Chemist: 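Before I ask anything, let me first share the structure, which is written out below as structure tokens.
Excluded from the calculations below are hydrogen atoms, water molecules and symmetry mates; all remaining heavy atoms, backbone and side chain alike, are included. It should be emphasised that the depicted structure is a prediction, and the values quoted were computed from it without experimental measurement.
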Amino acid sequence: MHRKKWVALVIVLTVFLLGLLVEGIYGTYTDLVDHPGFAWEENVVSGYGNSKIVQLFVNGTISGQQNSAGLPSMTELLTEQLRRIEEDELVKAVVLRIDSPGGEVVATDELHRRLLRLKQVRNLPIVVSMGSTAASGGYYLATAGDAIFANPNTLTGSLGVIFNLFNYSEAANKLGVHQYAIKSGRFKDIGSPSRPLTDPERQIFQTLVNESYNNFVDVIVKGRNLSRQRVLEIADGRVYSGEQAKRLGLIDEFGDLEEATRYALSLSGEKDAMVIRYADQLSISKLLFSMKQYWSNPDPLGLNRIWDRQSSPRLLYQFMP
């Protein structure tokens with residue numbers, strides 16, 4: 001029994017001392033290194049030579065929010081990777097692999113603009129390779145490509161905007177729960193979950209959705225060289241298979257990531273090139289940063305962030321069945 005107590009005490013003291021050590025080292029390293037989320041190394045996937053074809057990956061929901069550990073968001077990481085490509089004269093083409101249902105309107109549009117900037121500044125060909133899903137905002141990004149490859153079974157489309165509002169007014173009334181809003185203007189509490197949505201409020205939200213939708217349509221018209229009337233006919237929010245998307249002119253070819261990469265090489269004008277990916281560099285500073293954020297985070301599992309995302313209304317280019 002005494003031995004167990006001593007073992008428990010040693011464990012507690014060890015954890016405490018490690019905490020102090022990390023705090024001290026972290027404080028020392030913070031001013032000496034870049035944000036650890038931006039530390040990458042180049043991994044050669046195939047090929048040879050001095051020229052590079054870079055494969056970038058958009059996986060999961062497109063968001064501008066940091067994760068629960070405080071590390072950079074998807075848009076921050078991809079933006080930094082695109083900046084790195086822009087400054088690397090050895091990069092001759094980019095392959096953008098998309099496996100995403102889309103996401104936030106602002107985050108998606110920012111990434112799309114960054115892709116267009118890369119094409120403008122460096123005149124680099126961008127070839128898109130769709131994975132299992134490249135819908136809504138995922139397709140929005142794809143329109144920046146010079147060519148789009150997909151699998152016949154890829155889920156794409158979902159061309160449109162959604163704006164969800166959570167409402168518990170009926171349940172609250174049954175429970176006798178009331179919320180009183182003291183507001184400065186008629187629409188200050190617009191979309192409040194504690195009362196029904198009024199027709200004028202619905203119209204305001206619909207106007208916002210329509211604006212984002214029209215922007216989506218414009219992006220498709222320009223990126224895919226389709227008439228606006230044609231895009232309006234097919235952009236009704238439904239999802240399409242790769243087979244259907246090819247018939248509609250939303251994609252160009254059937255093929256996997258490797259085939260898309262070969263096509264990117266042909267567009268680059270290079271005979272040979274290294275195909276590279278940016279791999280996350282596991283460094284001591286990054287490990288310490290993650291530990292620091294985890295220990296100082298009152299919600300390490302990110303449950304509050306999930307709740308905030310669900311309860312905070314936002315415009316989405318996202319496939320949400």
Side-chain angles (χ1 to χ4, degrees), residues 40-62 74-75 77-82 84-86 88 90-103 108 111-112 114-116 118-119 122 124-158 223-224 239-281 317 319:
W40 298 292
E41 58 185 11
E42 294 183 357
N43 283 353
V44 179
V45 178
S46 62
Y48 54 90
N50 293 323
S51 299
K52 303 174 186 176
I53 306 294
V54 179
Q55 293 178 339
L56 295 181
F57 295 83
V58 179
N59 293 320
T61 303
I62 301 169
M74 173 195 290
T75 53
L77 288 173
L78 284 171
T79 297
E80 182 64 16
Q81 289 174 350
L82 289 169
R84 180 169 178 167
I85 290 172
E86 186 178 312
D88 189 346
L90 295 178
V91 177
K92 305 302 180 182
V94 174
V95 179
L96 188 66
R97 175 71 169 185
I98 302 174
D99 202 334
S100 169
T108 302
L111 274 180
H112 181 263
R114 198 65 180 77
L115 288 166
L116 294 182
L118 179 64
K119 293 177 67 174
R122 287 288 315 281
L124 292 178
I126 297 177
V127 177
V128 172
S129 170
M130 291 183 170
S132 298
T133 303
S136 202
Y139 187 81
Y140 192 108
L141 294 182
T143 61
D146 297 289
I148 302 176
F149 284 68
N151 184 278
N153 299 300
T154 294
L155 281 181
T156 186
S158 187
R224 298 301 300 166
V239 290
Y240 297 108
S241 67
E243 288 272 9
Q244 295 169 337
K246 191 172 188 301
R247 291 198 297 269
L248 294 170
L250 294 174
I251 70 167
D252 298 295
E253 300 289 343
F254 295 137
D256 57 16
L257 177 59
E258 184 177 345
E259 290 169 302
T261 303
R262 285 200 296 267
Y263 187 70
L265 177 61
S266 70
L267 292 181
S268 72
E270 300 289 322
K271 184 177 179 180
D272 299 299
M274 294 184 295
V275 178
I276 68 167
R277 299 176 183 177
Y278 295 135
D280 211 4
Q281 230 174 29
Y317 291 139
F319 171 45

Chemist: Between Thr154 (side chain) and Thr133 (backbone), is there a donor-acceptor pair under 3.5 Å?
Modeler: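 No; judged by distance alone, with no hydrogens or angles, the pair does not exist.
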Chemist: What's the separation between atom CE in Met74 and atom OG1 in Thr61, rounded to the nearest 0.5 Å?
Modeler: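 Interatomic distance, Met74 CE to Thr61 OG1, rounded to 0.5 Å: 7.0 Å.
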Chemist: Could you tell me which non-hydrogen atom of Lys246 sits nearest to which non-hydrogen atom of Glu253, and how far apart they are?
Modeler: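 The pair with the smallest heavy-atom distance is CE-CA, 4.2 Å.
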Chemist: Do Arg277 and Phe57 make a side-chain contact, defined as non-hydrogen atoms from C-beta onward lying under 4.5 Å apart?
Modeler: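 With C-beta onward as the side chain, the pair touches.
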Chemist: Mind listing the closest non-hydrogen atom pair of Arg97 and Ser129 along with its distance?
Modeler: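 So the two residues come closest at NH1-OG, 2.7 Å.
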Chemist: Quick one: side chain to side chain donor-acceptor pair (under 3.5 Å) partners of Asn153, sequence neighbours excluded?
Modeler: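 Result, side chain to side chain donor-acceptor pair (under 3.5 Å) vs Asn153: Asn151.
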Chemist: If only atom types and distance count, is the side chain of Ser136 paired as donor or acceptor with the main-chain N or O of Ser158 below 3.5 Å?
Modeler: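 Checked: pair present.
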Chemist: Would you indicate whether the side-chain heavy atoms of Arg84 and Val91 approach each other to under 4.5 Å?
Modeler: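 They are not in side-chain contact.
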Chemist: Distance from Ile85 atom CD1 to Ile126 atom CD1, nearest 0.5 Å?
Modeler: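 So the CD1 of Ile85 and the CD1 of Ile126 are separated by 8.0 Å.
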Chemist: Could you tell me the separation between the CG atom of Leu77 and the OG1 atom of Thr79, rounded to the nearest 0.5 Å?
Modeler: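 So the gap between those two atoms works out to 9.0 Å.
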Chemist: Run the side-chain contact (heavy atoms from CB on, under 4.5 Å) check on Glu86 and Arg114 step by step: do they pass?
Modeler: CA-CA 10 Å; Glu86 186 178 312; Arg114 198 65 180 77; 3.0 Å; yes
Chemist: If every non-hydrogen atom of Gly145 is compared with every non-hydrogen atom of Val128, which pair is closest and at what distance?
Modeler: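 That would be CA-CG2, 3.9 Å.
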Chemist: To the nearest 0.5 angstrom, please state how far the CD1 atom of Ile276 sits from the CG atom of Asn43.
Modeler: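 Rounded to the nearest 0.5 Å, the CD1-CG separation comes out at 9.0 Å.
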Chemist: Within a strict 4.5 Å, meaning less than it, do heavy atoms of the Phe254 and Glu259 side chains meet?
Modeler: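 Contact flag for Phe254/Glu259 side chains = no.
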Chemist: Give a yes or no on whether the backbone of Ala144 and the side-chain of Lys119 come within a donor-acceptor separation of less than 3.5 Å.
Modeler: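 Such a contact is found between Lys119 side chain and Ala144 backbone.
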Chemist: Parallel under 30°, tilted from 30 to 60°, perpendicular over 60°: which one fits the rings of Phe149 and Tyr263?
Modeler: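 Phe149 and Tyr263: tilted rings.
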Chemist: Which heavy atom of Ser241 sits nearest a heavy atom of Pro152, and at what distance?
Modeler: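 Minimum heavy-atom separation between Ser241 and Pro152: CB-O, 3.7 Å.
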Chemist: Hey, is the main chain of Asp88 close enough, under 3.5 Å, to the side chain of Arg122 for a donor-acceptor pair?
Modeler: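 Side chain of Arg122 to backbone of Asp88: a pair is present.
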Chemist: For Arg224 and Asp252: C-alpha separation, side-chain torsions, deciding distance, then whether salt bridge (Lys or Arg N to Asp or Glu O under 4.0 Å) applies.
Modeler: CA-CA 10 Å; Arg224 298 301 300 166; Asp252 298 295; 3.0 Å; yes
Chemist: Out of curiosity, Ile53 CD1 to Lys92 NZ, how far, rounded to the nearest 0.5 Å?
Modeler: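 Going from CD1 on Ile53 over to NZ on Lys92, the span is 9.5 Å.
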Chemist: Are the side chains of Tyr139 and Ile148 in touch, meaning some heavy atoms are under 4.5 Å apart?
Modeler: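 Of all side-chain heavy-atom pairs linking Ile148 with Tyr139, at least one is under 4.5 Å.
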Chemist: Hey, are the side chains of Leu82 and Leu56 touching, using non-hydrogen atoms and a 4.5 Å cut-off?
Modeler: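 Yes, close enough: below the 4.5 Å cut-off.
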Chemist: Within the 4.5 Å heavy-atom criterion, are Val45 and Thr261 side-chain neighbours or not?
Modeler: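 No, every pair of side-chain atoms sits at 4.5 Å or beyond.
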Chemist: If every non-hydrogen atom of Leu141 is compared with every non-hydrogen atom of Leu115, which pair is closest and at what distance?
Modeler: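 Looking at all heavy atoms of both residues, the closest pair is O-CD1, 4.0 Å.
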Chemist: Quick one: closest heavy-atom pair of Leu265 and Ala273, and the distance?
Modeler: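 In terms of heavy atoms, the two residues are closest at CD1-CB, 3.8 Å.
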Chemist: Quick check for you: to the nearest 0.5 Å, what is the distance between Leu257 atom CG and Gln55 atom CD?
Modeler: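 Nearest 0.5 Å value for the CG-CD distance: 4.5 Å.
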Chemist: Within the supplied structure, the quantity of interest is the number of heavy atoms (other residues, nucleotides, ligands) at a distance under 6.0 Å from Asn50 CG; does it exceed 12?
Modeler: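 No, not enclosed.
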Chemist: For Glu42, give me all partners under side chain to side chain donor-acceptor pair (under 3.5 Å), at least two apart in sequence or on another chain.
Modeler: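 Lys52.
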Chemist: Do Leu155 and Ser132 have side-chain heavy atoms sitting under 4.5 Å apart?
Modeler: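 No, too far: nothing below the 4.5 Å cut-off.
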Chemist: Answer yes or no: is there a side-chain heavy-atom contact under 4.5 Å between Thr156 and Leu250?
Modeler: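 No. Closest side-chain heavy atoms not under 4.5 Å.
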Chemist: What do you reckon, is OH of Tyr278 surrounded by more than 12 foreign heavy atoms closer than 6.0 Å?
Modeler: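 Counting other residues, nucleotides and ligands, OH of Tyr278 exceeds 12 neighbours.
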